[in-house]
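In what follows, a structure is listed as structure tokens, so that the remarks can point back to it.
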Amino acid sequence: MATFLYRLGRLAFRWRWRFALLWAVVLAAVGAGAVMAPAAPDDSSAMSGIEAQQAYDLIQQRFPGSAADGASARIVFVAPDGQKVTAGANKKAITDFVREATGSSPQVSGAVSPFTADTVSDDGSTAYATVSYKVASSDLTDASKTSLETAIDDARDAGLTVEAGGDVLAAQTEAGGSSEVIGIVLAAVVLLITFGSLAAAGLPLLTAVLGVSVSMSAVTALGSALGLSSTTGTLASMLGLACGIDYAMFIVSRYREERGKGHAPQEAAALAVGTAGSAVVFAGMTVVIALAGLSVVGIPMLTKMGLAAAGAIVISVLIALTLVPALLGFWPNAVLSRRIRKGRRAVEGGTGNGGSRWARFVLRRPVPVLLASVAALGAIAIPAKDLQLGMPGAESQSTSTTERRAYDDLAAGFGPGFNGPLTIVVDARGAQHPKAAVSAITKEIKDTDGIVSVAPARFNDAGDTAMFSATPSTSPTDEQTKNLVKTIRAERPAAEKSTGATFKVTGTTAMNIDVAQKVQDALIPYLAVVIGLAVLLLMIVFRSVLVPLKAAAGFLLSVLASLGAVVAVFQWGWFAGLLGVQQTGPIMSLMPIFLVGIVFGLAMDYEVFLVSRMREAHVHGEQPRQAVESGFRHSARVVVAAALIMVAVFSGFVGAGESMIKTIGFGLAIAVAFDAFVVRMAFVPAVLALLGRYAWWLPKWLGRILPKVDIEGEGLARQTAIILPSADAPGGGRTGTESARV
């Protein structure tokens with residue numbers, strides 16, 4: 001591996017124009033494909049294997065046209081204190097609104113008055129009207145939205161409090177945009193401080209942005225053919241940027257180190273790719289494993305996002321191995337710090353930097369450091385035992401949004417369960433008397449504890465299927481609502497036996513409950529698959545049994561601690577106001593899977609970057625404790641800088657207005673911080689210090705089975721042993737073998 005990559009780096013440096021042109025052609029090709037490609041499909045909400053989806057599919061089959069995807073707005077009217085919406089002036093204002101909304105736009109299919117549909121609260125303080133559209137919310141024109149807003153303003157002028165729920169006037173929150181710009185700016189600052197050179201800071205940014213451009217263009221170009229939606233590339237963009245910067249930074253850092261040792265530019269680039277490039281390859285492979293493993297969950301959208309992001313990581317690795325040495329060939333001295341260019345420093349990293357001093361501190365006190373790191377992460381992980389999964393809705397949005405205020409007004413006027421009714425679909429094809437069977441099932445569900453009301457059933461044209469809504473007494477995200485859905489479903493066998501008909505429960509609330517359960521059930525298998533494959537990969541990389549197991553244990557500590565922090569903030573409400581969290585509640589269903597997949601990949605990045613230098617030093621003759629110090633001396637600063645960049649990129653999403661994005665940003669940022677600064681900087685060296693030479697133990701029989709990839713560059717060191725520093729290094733000259741072809 002090391003020898004092959006050495007030759008690749010040397011070739012890329014020598015043929016820099018060809019490699020640069022190759023990537024320019026790739027970018028142009030995928031860019032042209034993206035421009036000419038048909039529009040990407042909308043996100044598919046299909047979720048195979050859960051009851052709520054099966055019921056939804058049955059509705060589409062038995063009630064053709066009832067599952068139309070047209071946009072709708074639920075306009076909520078609240079009368080002034082002491083008044084009722086049925087009072088003369090208030091009723092007139094609502095009636096005028098319905099008439100104005102009906103004719104406000106040709107895209108409107110109709111508006112239903114609350115006085116016609118009987119959607120007035122029992123106390124008369126609140127009512128709502130439904131405005132339906134012929135097209136999806138994404139196809140609504142600005143004129144249609146403006147017309148609805150005008151009608152709402154007119155009703156407000158009449159003295160009513162009016163808010164709009166639904167998807168017509170919903171605030172659009174972008175996950176990228178300014179957040180990515182902020183992340184890039186912060187990354188540039190970290191790189192500049194780390195390298196002390198504008199060129200060294202700018203090169204990783206340039207190559208990372210190029211990689212993201214190629215990845216996103218490819219997703220767009222293949223969107224129609226592979227069914228990739230417009231949001232599939234969100235994860236690819238975020239990880240492609242962060243990992244692309246890290247991988248390029250690792251190559252550049254090793255190049256600077258080799259130049260500091262006296263190697264000429266081409267040889268330094270070849271050695272950097274041959275050694276650090278090996279770590280980049282295997283770090284990238286662990287990330288790809290984690291992302292591709294998302295397919296285990298069985299959620300199509302998650303599978304596509306994971307595979308797209310895995311593709312972005314592969315592109316980032318290829319760019320780091322080929323384009324980075326090519327660009328170093330154009331400006332071989334620009335990336336060096338001013339001190340190295342002036343020859344004031346013999347070796348990049350020195351013999352006594354902050355990394356080595358910290359390593360010596362841990363090596364002198366391994367037991368206290370190990371116990372402190374485990375105790376701290378364990379204490380932070382305690383809230384994770386109360387993790388509740390769900391899908392936050394309007395209740396989690398800021399109170400400054402009309403959707404949140406409409407949600408609160410409906411809950412106050414009609415009860416907390418009104419915002420999350422359950423839809424019951426009764427399949428009476430097997431019943432002798434379908435109407436009687438539906439009536440019996442309706443009565444049984446109405447009498448269930450926790451149900452406050454049941455709407456009349458509506459039959460299909462064939463008369464063999466009916467559906468009706470049941471309103472719970474608790475809110476959609478309440479744990480009691482989840483238990484209620486389980487209770488209703490538990491009544492199905494008895495109802496089927498007595499009536500000959502069966503039923504299924506669906507609706508947004510039931511769908512969210514089922515998705516959360518599916519994700520929760522998939523979490524353990526996902527962990528087993530991903531950790532198992534990664535341990536095997538790390539065993540091949542480090543030729544050790546205990547080092548991969550230690551890496552997996554440290555990862556589990558950081559993930560559990562980050563989940564505990566997420567629960568404490570977003571579920572328990574600790575420091576919620578500081579982060580702008582408007583409403584606590586269940587954690588987004590996909591959050592644990594995202595957290596595990598992404599953080600596992602990044603954690604293994606840091607593991608490979610840090611421990612590969614320890615392994616390299618140990619293979620080249622250093623004692624185990626001395627090798628730990630060498631690994632920290634050369635790699636600690638790069639790992640810290642990489643982690644700071646990740647935290648900066650992810651923290652940019654904490655400022656988002658939407659709770660879901662805020663949760664993801666906080667969870668990823670805190671997880672990276674825990675893993676990089678506690679696990680890799682304290683837990684790892686403490687464990688290695690206690691293990692000593694046993695850390696690198698590998699049974700002989702296993703050593704014969706595992707392929708030898710030579711990530712530490714032992715064979716490469718023998719091959720290049722005859723190369724002597726040039727007289728004018730590090731300024732750039734040629735060694736005796738520099739002109740020889742590999």
Side-chain angles (χ1 to χ4, degrees), residues 70-105 107-134 137 140 143-171 393-421 452-453 455-456 469 471-476 507-509 582-583:
S72 65
R74 178 180 283 180
I75 312 303
V76 186
F77 306 93
V78 180
D81 291 341
Q83 299 184 25
K84 295 185 177 182
V85 292
T86 53
N90 294 334
K91 184 174 183 178
K92 181 179 183 302
I94 295 174
T95 302
D96 290 344
F97 166 84
V98 172
R99 184 174 60 253
E100 184 178 352
T102 302
S104 62
S105 168
Q107 291 185 318
V108 175
S109 62
V112 181
S113 169
F115 309 112
T116 301
D118 193 22
T119 54
V120 179
S121 63
D122 292 338
D123 62 3
S125 64
T126 310
Y128 69 88
T130 302
V131 181
S132 302
Y133 289 80
K134 303 173 184 177
S137 59
L140 285 174
S144 295
K145 295 180 181 181
T146 301
S147 298
L148 181 61
E149 291 172 341
T150 300
I152 290 174
D153 291 338
D154 291 341
R156 285 173 177 161
D157 292 340
L160 295 169
T161 297
V162 187
E163 304 296 346
D167 54 1
V168 174
L169 301 180
E395 80 284 352
S396 64
Q397 296 186 16
S398 169
T399 52
S400 63
T401 64
T402 186
E403 298 91 347
R404 169 63 187 277
R405 294 195 297 268
Y407 179 97
D408 292 341
D409 289 342
L410 287 171
F414 296 90
F418 185 80
N419 285 295
V452 296
S453 64
S469 63
T471 303
S473 60
T474 50
S475 68
T508 302
T509 300
Q582 298 288 334
Q583 179 74 31

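Given the structure is predicted, the values throughout are model-derived calculations rather than measurements. Counting begins at 1 with the first residue of the sequence.
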Could I get the full list of side-chain hydrogen bond (donor to acceptor under 3.5 Å, both in side chains) partners for S113, not counting sequence neighbours? none
How many angstroms lie between atom CG of D409 and atom CZ of R404, to the nearest 0.5 angstrom? 11.0 Å
CA sep, side-chain torsions, deciding dist, call: F97, D154, side chain to side chain contact (heavy atoms under 4.5 Å, CB included): CA-CA 8 Å; F97 166 84; D154 291 341; over 6 Å; no
Applying salt bridge (charged side-chain N to carboxylate O under 4.0 Å, His left out), can you list everything that pairs with R405, at least two apart in sequence or on another chain? E163
Contact summary for Y133 and S144, nearest pair of heavy atoms: OH-O, 4.3 Å
Count the heavy atoms of every other residue, nucleotide or ligand shown that sit under 6.0 Å from CG of D122, and state whether that count exceeds 12. no
Shortest non-hydrogen contact from A101 toward V131: CB-CG2, 4.1 Å
Please examine the side chains of F414 and S121, heavy atoms only from C-beta on, and report whether any two atoms are closer than 4.5 Å. yes
Counting N and O atoms only, with roles assigned by atom type, does the side chain of R74 sit under 3.5 Å from a partner on the main chain of G166, one being a donor and the other an acceptor? no
What are the two closest heavy atoms between V452 and P472, and how far apart are they? CG2-O, 3.7 Å
First locate atom OG1 of T471, then atom CG of N419, and finally report the distance between them rounded to the nearest 0.5 Å. 10.0 Å
Taking all non-hydrogen atoms of both residues into account, name the closest pair between A406 and G165 and its distance. CB-N, 3.7 Å
Distance col, row I75:CD1 vs T119:OG1, nearest 0.5 angstrom, shows 11.5 Å
Drop me the distance from S132's OG to Q107's CD, to the nearest 0.5 angstrom. 13.5 Å
Only counting residues at least two apart or in another chain, list the ones meeting ring pair (Phe, Tyr, Trp, His ring centres under 6.0 Å) with Y407. none
Please tell me if the side chains of V85 and I94 come closer than 4.5 Å, counting only heavy atoms from C-beta onward. yes
Tell me which one of V78, N90, V76 satisfies side-chain contact (heavy atoms from CB on, under 4.5 Å) with L160. N90
Would you check if F418 and T126 make a side-chain contact, meaning some heavy-atom pair closer than 4.5 Å? no
